Amino acid sequence: MAPSPVSPPSSPNRSHAACARCHRIGRFGAEAWVKHENHSPVGAFKLRGGLTYVDAVQRREPQCRALVAATRGNHGQSISRAARLAGMSVTVYVPHGNSVEKNAAMRALGAELVEHGSDFQEAREEAARHAARTGAHFVPAFHEDLVRGVATLWLEFFRSAPALDVVFVPIGQGSGINACIAVRNALGLATRIIGVVSTGAPCYALSFAAGRVVEAPVTTFLADGLACRLPDQEGLDPILANVDEIVQVTDAEIAAAMRLIFATTHNVAEGAGAAATAAALQRGATIAGKRVGLALTGGNVDSDVFARVLAAQF
């Protein structure tokens, strides 16, 4: 899962030719490095946090045998896989209309899946009530143990790639960008961090601008991994103190990034996974000549949705 470099197109060898195709994705003349988290056992970066979180629960609560979580998909797959490895049961709440294939993957990993509510926040609140009723351990969407796990992604990235001028980081509930902040600061790097949200899920962008938690409705279809309605205060505080800016991208921009990623690298990126590339494309000339890091955070997109994306139906 090492990052792949983007080099000038003049290089004759095969690996550099592939990198040149990535360069053309950018259209901004930057040297881009991509961290491929779409190749993890659950197809997304969330696995790192789930394994770390469940290990910590086993240490703190050795009697714990049942977990409850809420998700739009990747967090739930992560917790489900970690729970199965730990011999725990897990109940996962998802909103109605959630990804068919992500739901199937969670069931295949042993989760009991419950559909509730119209968005992630409603599913999350019901999951917490279920945990309180049953005495099961509720796994939050944001927690320092999740951040610690995801930090391994950024440690690999920053150590493997040359010094990066700027990184683009998708924001769902905040574990990914908080992990990036923690590792960047721990290594003493000067890399700028730009968060990325969907225009159809702008709560973190609005909260960043206001300097406080701001709730906002979710309308995005493609970026289900970014479909957060209410930020966590503990996730927002480090963002306010350490992130340079937050960029909003549309579903159409995300779809264009998904097509370009597939056409040039033959990697499948789900909506949230392509958000960093979409933001870099949007910023264009402002990052020309810089060394840019892009987090391809997952590839779990339903087949029919991806077919529509490739057919330019978004």
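Owing to the predicted nature of the structure, the values given are computational and were not obtained by experimental measurement.
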What heavy-atom pair brings [X] and [Y] nearest, and what distance separates the two atoms?
X	Y	answer
M106	V94	CE-CG1, 3.8 Å
P95	R72	CG-CD, 3.5 Å
P170	A272	CG-O, 3.6 Å
A274	M258	CB-CG, 3.5 Å
P140	Y53	CD-OH, 3.3 Å
V92	S80	CG2-OG, 3.8 Å

Could you state the interatomic distance from [atom1] ([X]) to [atom2] ([Y]), rounded to the nearest 0.5 Å?
X	Y	atom1	atom2	answer
I246	L240	CD1	CG	8.0 Å
N300	F306	CG	CZ	12.0 Å
Q248	L206	CD	CG	6.0 Å
E234	N178	CD	CG	9.0 Å
I287	L281	CD1	CG	8.0 Å
F45	L296	CZ	CG	11.5 Å

Could you check whether any side-chain heavy atom of [X] comes within less than 4.5 Å of a side-chain heavy atom of [Y], counting everything from C-beta outward?
X	Y	value
R184	W154	no
S160	W33	no
D145	V57	no
C203	L230	no
L226	T220	no
E270	S99	no
F168	R283	yes
L260	T277	no

Say whether T52 and R148, considering side chains only, have a donor N or O and an acceptor N or O under 3.5 Å apart.
no
Any luck finding a side-chain donor-acceptor pair between S89 and E112 under 3.5 Å?
no
Within a 6.0 Å radius of atom CZ on R159, are there more than 12 heavy atoms belonging to other residues, nucleotides or ligands?
no
side-chain contact (heavy atoms from CB on, under 4.5 Å) between K46 and T71: does it pass, once the steps are laid out?
CA-CA 11 Å; K46 291 284 189 177; T71 189; over 6 Å; no
Starting from the C-alpha separation in whole Å, work towards a yes-or-no answer on side-chain contact (heavy atoms from CB on, under 4.5 Å) for V268 and N38.
CA-CA 8 Å; V268 174; N38 53 316; 5.7 Å; no
Do [X] and [Y] sit in one hydrophobic cluster, given that two such residues count as connected whenever their side-chain heavy atoms are within less than 4.5 Å of each other, even indirectly?
X	Y	value
V301	V309	yes
V214	Y204	no
V305	V100	no
I181	V147	no
M88	L146	yes

Strictly by ring-ring contact (aromatic ring centres under 6.0 Å, His included), give each pair with a member in residues 61-108 just once, sequence neighbours left out.
Y93-H130
Run the side-chain donor-acceptor check on residues 113-121: report pairs under 3.5 Å with partners two or more places apart or on a different chain.
unit_1	atom_1	unit_2	atom_2	d
S118	OG	E122	OE1	3.3
D119	OD1	Q121	N	3.3
D119	OD1	E122	N	3.0
D119	OD1	R229	NH2	3.3
D119	OD2	R229	NE	2.6
D119	OD2	R229	NH2	3.3
Q121	OE1	R124	NH1	3.4
Q121	NE2	E125	OE2	3.2

Dump the intermediate steps for side-chain contact (heavy atoms from CB on, under 4.5 Å) on E156 and K35, then the final yes or no.
CA-CA 9 Å; E156 290 173 6; K35 186 66 168 75; 3.1 Å; yes
Tell me whether R59 is salt-bridged to D55, with the criterion being a basic N under 4.0 Å from an acidic carboxylate O.
yes
Review item, side-chain donor-acceptor pairs of residues 186-194, under 3.5 Å, at least two apart:
unit_1	atom_1	unit_2	atom_2	d
T191	OG1	L164	O	2.7
R192	NH2	E245	OE2	3.3

Begin from the C-alpha positions of V167 and F158 and carry the test side-chain contact (heavy atoms from CB on, under 4.5 Å) through to its verdict.
CA-CA 10 Å; V167 290; F158 285 128; 4.1 Å; yes
For the pair S78 (side chain) and N74 (backbone), establish whether a donor and an acceptor sit closer than 3.5 Å, ignoring hydrogens and angles.
no
Main-chain N/O of A311 paired to R259 side chain as donor or acceptor, under 3.5 Å:
no
From the list L109, V54, V90, side-chain contact (heavy atoms from CB on, under 4.5 Å) with R81 holds only for L109
